[in-house]
Amino acid sequence: MKDMSESASNFIHDFIDEDIREGGRYEGMKVHTRFPPEPNGYLHIGHAKALYIDFHTAEKYGGLCNLRMDDTNPTKEDEEYVDAIKEDIHWLGYDWGDRFYYASSYFGQMYDYAEELIRKGLAYVCELTADQMKDMRGDLTKPAVSPFRDRPIEESLDLFARMRAGEFEDGRMTLRARIDLSSGNFNMRDPVIYRINHMRHHQTKDTWCIYPMYDFAHPLEDAIEGITHSLCSLEFESHRPLYDWVIENCSVPAKPRQIEFARLGINYTVLSKRKLRNLVENHLVSGWDDPRMPTLCGLRRRGYTPESIRSFHERNGVSKVNSVVDYAFLEHCLREDLNRTARRVMAVIDPVKLILTNYPEDMTETFEVENNPERPEDGTRIVRFSRELYIESDDFMEVPEKKFFRMFPGNEVRLKSAYVIRCTGCVRDDSGRLLEIHAEYDPNSRGGNTPDGRRVKATIHWVDSKTCVSAEVRLYDSLFTVAEPDLADCNYLDFLNPESLKVMSGAKVEKSLADAKPGSGFQFLRLGYFCADSKDSSPERLVFNRSVSLKDSYKS
RNA sequence: UGGGGUGUAGCCAAGUGGUAAGGCACGGGACUUUGACUCCCGCACUCGUAGGUUCAAAUCCUGCCACCCCAGCCA
């Protein structure tokens with residue numbers, strides 16, 4: 001991985017600089033962060049921002065970053081997500097060493113801390129039902145109420161023990177922190193810190209029937225692991241007083257500091273687990289790894305590289321402003337990476353036959369073509385050429401519009417690395433459908449250079465009709481037709497792009513692609529970057545996904 | 001009506017009292033055997049807004065406005 005020790009600074013680093021310098025709260029300590037996903041779904045590019053921040057911050061300061069499953073709610077979580085999360089993180093290029101943890105493995109300690117709070121008179125068992133608690137929460141001006149907050153300590157201790165022992169059904173009672181029922185910050189109005197849930201947990205099995213709430217559990221998890229900086233998103237800002245309260249009132253071994261940053265938004269897509277799940281469950285996409293999905297597995301299948309995603313986050317920066325980044329910027333980062341690494345090949349997505357009428361019927365020859373002009377060390381390959389070829393139907397216009405300088409009757413173009421040819425006409429069937437294009441080649445232009453030095457404006461790609469291989473090419477576009485489908489919270493599905501996937505089943509690709517390994521990426525000359533689909537492509541049936549098109553300054 | 005935040009170009013984003021970085025997008029040009037890449041040029045007389053302090057303000061002070069988050073036994 002690229003050395004990030006000199007990467008762009010941000011406000012979080014400014015805080016850390018203060019914390020670790022002489023007199024700071026963590027003077028002389030190693031910076032320690034954590035990435036704490038809840039195992040209830042797949043990671044998406046928004047999580048990658050958090051990963052970027054957590055891992056690179058640790059790296060910048062020579063510290064460590066833990067991976068921790070924040071699994072405090074068995075109702076929503078499942079082990080099946082754990083391995084997928086690990087795989088995605090490793091794919092992105094991050095490593096947590098031997099520091100992989102489950103929050104659930106701290107349940108015993110958390111229980112003890114809860115008891116400590118009760119003994120200190122800072123927590124109590126409340127028998128309000130969920131509805132009652134809601135009714136008694138108060139509002140912006142009126143404080144909350146709980147008839148149980150002055151319950152004797154011994155009684156709460158006993159009840160809490162019996163909660164744990166399974167004596168009560170779900171929802172019968174809760175453990176609440178005793179903080180401030182009249183706080184302007186609702187999170188401090190005696191928040192519930194333990195609830196009863198008789199559900200088997202994927203890690204702790206049937207050991208527990210009470211589970212700690214996020215606000216209580218998270219600061220304890222951080223403290224237990226010796227985290228110095230607990231970096232999270234903006235919506236937890238108003239929870240920080242509670243985070244600090246827990247750290248202050250439980251006798252924990254460390255005092256982590258929570259710092260919040262803005263989560264990522266990208267236009268023309270959605271980035272909430274709920275909405276992504278919706279797309280999957282309603283079969284609006286083929287799955288979590290559909291190449292149109294902003295999930296890491298979706299982006300991977302689409303052909304995005306880890307480097308492009310890391311670069312995207314690094315260059316976007318970190319701030320506290322709610323932002324929506326242009327999708328075009330993500331695409332830019334991908335093109336930038338692929339431009340310097342991707343092998344160039346020729347593929348014709350929407351083929352039309354080109355016949356070189358003055359080229360001998362039985363002749364065939366080969367040409368040497370560079371694999372990547374950006375990287376000569378990648379060498380060359382041999383492509384075959386003969387009388388009948390395929391070219392892109394978009395590269396021909398019988399009646400050219402202004403500024404079109406590719407194939408049209410009378411015009412000369414170059415077939416990439418082969419010959420200069422002059423279009424002589426075309427053949428159509430009765431209904432006007434284009435059947436074939438005719439042209440004459442200049443035998444003296446072998447390789448593409450004219451003997452008299454005359455210039456041609458266009459160079460087009462082609463494949464040999466005899467040796468080319470058939471393939472399916474999937475052209476992807478944005479999932480939504482509006483920039484911010486998230487804004488209309490109710491009907492974002494109304495803005496699904498019906499053309500987000502176009503399948504081109506009759507593509508012809510050069511022979512060298514016949515054994516393209518699933519997942520491998522290429523630049524299809526003049527078209528874009530494509531990768532062999534990791535699920536559906538095989539030597540018997542080649543399938544390529546368009547990762548991103550090339551920029552095109554041609555405007556008709 | 002309470003609490004917590006945020007406002008710098010179409011989109012991100014530097015900037016921490018000395019006269020508005022950079023990237024994306026966009027427009028123009030050069031180069032080109034990819035209409036790609038690369039390279040040049042242009043793109044905020046002004047930093048949400050109104051005042052104030054100062055020789056000097058995006059930066060300090062005051063008022064106002066806009067937007068985001070919080071009343072799950074979710075995270």
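Letters A, B, ... are given to chains in the order of the sequence lines, protein chains preceding strands, and every chain is numbered from 1.
- At a threshold of 4.0 angstrom between heavy atoms, the contacts of A:Asn449 include nucleobase atoms, whether or not backbone atoms are also involved.
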Which pairs of donor and acceptor atoms, one on a side chain in residues 372-383 of chain A, lie under 3.5 Å apart (sequence neighbours left out)?
| unit_1 | atom_1 | unit_2 | atom_2 | d |
| --- | --- | --- | --- | --- |
| A:Asn372 | OD1 | A:Arg344 | NH1 | 3.0 |
| A:Asn372 | OD1 | A:Glu374 | N | 2.8 |
| A:Asn372 | ND2 | A:Ala342 | O | 3.4 |
| A:Arg375 | NE | A:Asp378 | OD1 | 3.4 |
| A:Arg375 | NE | A:Asp378 | OD2 | 3.1 |
| A:Arg375 | NH2 | A:Asp378 | OD2 | 3.3 |
| A:Thr380 | OG1 | A:Glu368 | OE2 | 2.6 |
| A:Arg381 | NE | A:Glu510 | OE2 | 2.6 |
| A:Arg381 | NH1 | A:Arg344 | O | 3.1 |
| A:Arg381 | NH1 | A:Glu370 | O | 3.3 |
| A:Arg381 | NH1 | A:Asn371 | OD1 | 3.1 |
| A:Arg381 | NH2 | A:Arg344 | O | 3.3 |
| A:Arg381 | NH2 | A:Glu510 | OE1 | 3.0 |

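- Looking at heavy-atom distances under 4.0 Å, A:Leu128 makes contact with a base.
- Ranking B:C12, B:U34, B:A13 by closeness to the A:Arg344 side chain, first place goes to B:U34.
- Remark: A:Arg263 engages A:Ser233, A:Glu235 in a side-chain contact (heavy atoms from CB on, under 4.5 Å) (not counting sequence neighbours).
- When each of B:U34, B:G35, B:C37 is scored by its nearest atom to the side-chain atoms of A:Leu525, the top-ranked nucleotide is B:U34.
- Taken together, the paired segments of RNA chain B that extend over three or more consecutive Watson-Crick or G-U pairs, each closer than 3.5 Å at both contacts, are B:2-7 with B:65-70, B:10-12 with B:22-24, B:26-30 with B:38-42, B:48-52 with B:60-64.
- Put simply, the side chain of A:Gln523 and the base of B:U34 share a donor and an acceptor less than 3.5 Å apart.
- Using a 4.0 Å heavy-atom cutoff across all strands shown, A:Lys416 reaches at least one base atom of the nucleic acid.
- If you check B:G35, B:A75, B:C73 against the side chain of A:Phe404, the one that comes closest is B:G35.
- Residues passing the side-chain contact (heavy atoms from CB on, under 4.5 Å) test with A:Arg195, sequence neighbours excluded: A:Asn73, A:Tyr211, A:Met213.
- Comparing B:U16, B:U1, B:U32 by their nearest atom to the side chain of A:Thr141 picks out B:U1.
- By the ring pair (Phe, Tyr, Trp, His ring centres under 6.0 Å) test, A:Phe385 pairs with A:Tyr359, A:Phe367, A:Tyr419, A:Trp462, sequence neighbours left out.
- Using a 4.0 Å heavy-atom cutoff across all strands shown, A:Tyr194 reaches no nucleic acid atom at all.
- Using a 4.5 Å cut-off on side-chain heavy atoms (C-beta onward), A:Arg340 and A:Asp337 make contact.
- Qualifying ring pair (Phe, Tyr, Trp, His ring centres under 6.0 Å) partners for A:Tyr102, counting only residues two or more places apart in sequence or in other chains: A:Phe100.
- Shown here are the side-chain contact (heavy atoms from CB on, under 4.5 Å) partners of A:Val482, two or more places apart in sequence or in another chain: A:Pro485, A:Phe495.
- Ring orientation note: the planes of A:His44 and A:His47 are tilted relative to one another, at an angle of 30° to 60°.
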Between protein and nucleotides 69-71 of chain B, what N or O pairs are separated by less than 3.5 Å?
| unit_1 | atom_1 | unit_2 | atom_2 | d |
| --- | --- | --- | --- | --- |
| B:A71 | O2' | A:Arg137 | NE | 2.8 |

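- Minimum atom distance to the side chain of A:Asp14 is reached by B:U16, of the listed B:A36, B:U16, B:C37.
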Q: List the protein contact pattern of nucleotides 22-30 of chain B with one symbol per nucleotide (5' to 3'): B for base contact, S for sugar-phosphate-only contact, - for none; contact means a heavy-atom distance under 4.0 Å.
A: -SSS-----
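- In this structure, B:G5 shows a glycosidic angle more than 90 degrees from zero, which is the anti conformation.
- Using a 4.0 Å heavy-atom criterion, one finds that A:Thr129 contacts the bases of the nucleic acid, with or without backbone contacts as well.
- Contacts of A:Phe168 classified as ring pair (Phe, Tyr, Trp, His ring centres under 6.0 Å), with partners at least two apart in sequence or in another chain: none.
- Looking at residues two or more places apart in sequence or on another chain, you find a side-chain contact (heavy atoms from CB on, under 4.5 Å) between A:Ser156 and A:Ile118, A:Tyr124, A:Val125, A:Arg151.
- Checking B:C74, B:U6, B:C73 against the side-chain heavy atoms of A:Lys76 singles out B:C74 as nearest.
- Taking only distance into account, the side chain of A:Arg240 never meets the base of B:G4 through a donor-acceptor pair shorter than 3.5 Å.
- Comparing B:C73, B:G7, B:G4 by their closest approach to the side chain of A:Glu237 singles out B:G4.
- When the ring pair (Phe, Tyr, Trp, His ring centres under 6.0 Å) test is applied to A:Phe312, the partners found at least two apart in sequence or on another chain are A:Phe329.
- Contact annotation for A:Asn40: no contact, since no heavy-atom pair falls under 4.0 Å across all strands.
- Of the residues A:Phe530, A:Phe524, A:Tyr529, the one that meets the ring-ring contact (aromatic ring centres under 6.0 Å, His included) test with A:Phe544 is A:Phe524.
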